[in-house]
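Just below is one structure, and these are the notes that go with it.
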Amino acid sequence: MNAAAVIAIAAAAILYVEAAIGTGYYMYLITRKKTKQDATKEERKQLTRYSIIAGVAFPVTFAILFAARAAERK
């Protein structure tokens, strides 16, 4: 494997991780804004946990977000 292939694979991996983190944080911000101010500590912990899961599975999350936006326009 030559150096260009290694660099391309490393760049793709970094972009994937960045996209996963960004998606997870975006989902956290969306749900945090809609959550009641008097949420318990357990509810906040659950919100963080699900945001991390959304980030890890970001291709599916991204598809759901895209479909929701498309449905809003009609």
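All residue numbers in this chain count up from 1 along the given sequence. Nothing here was measured: the structure is a model prediction, and the numbers come from that model.
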Selection residues 12-27 - residue pairs positive for side-chain hydrogen bond (donor to acceptor under 3.5 Å, both in side chains), sequence neighbours left out: Y26-R69
Results of side chain to side chain contact (heavy atoms under 4.5 Å, CB included) for A5 - residues two or more places apart only: M1, N2
N/O donor-acceptor pairs under 3.5 Å from side chains in residues 46-56, not counting sequence neighbours:
unit_1: Q46; atom_1: NE2; unit_2: Y50; atom_2: OH; d: 3.4
unit_1: T48; atom_1: OG1; unit_2: R44; atom_2: O; d: 3.0
unit_1: S51; atom_1: OG; unit_2: L47; atom_2: O; d: 2.9

With ILVMFWY side chains joined below 4.5 Å, transitively, what does I64's cluster contain besides itself? V60
Do you reckon V6 sits in the same ILVMFWY cluster as I9, going by side-chain contacts under 4.5 Å, direct or chained? yes
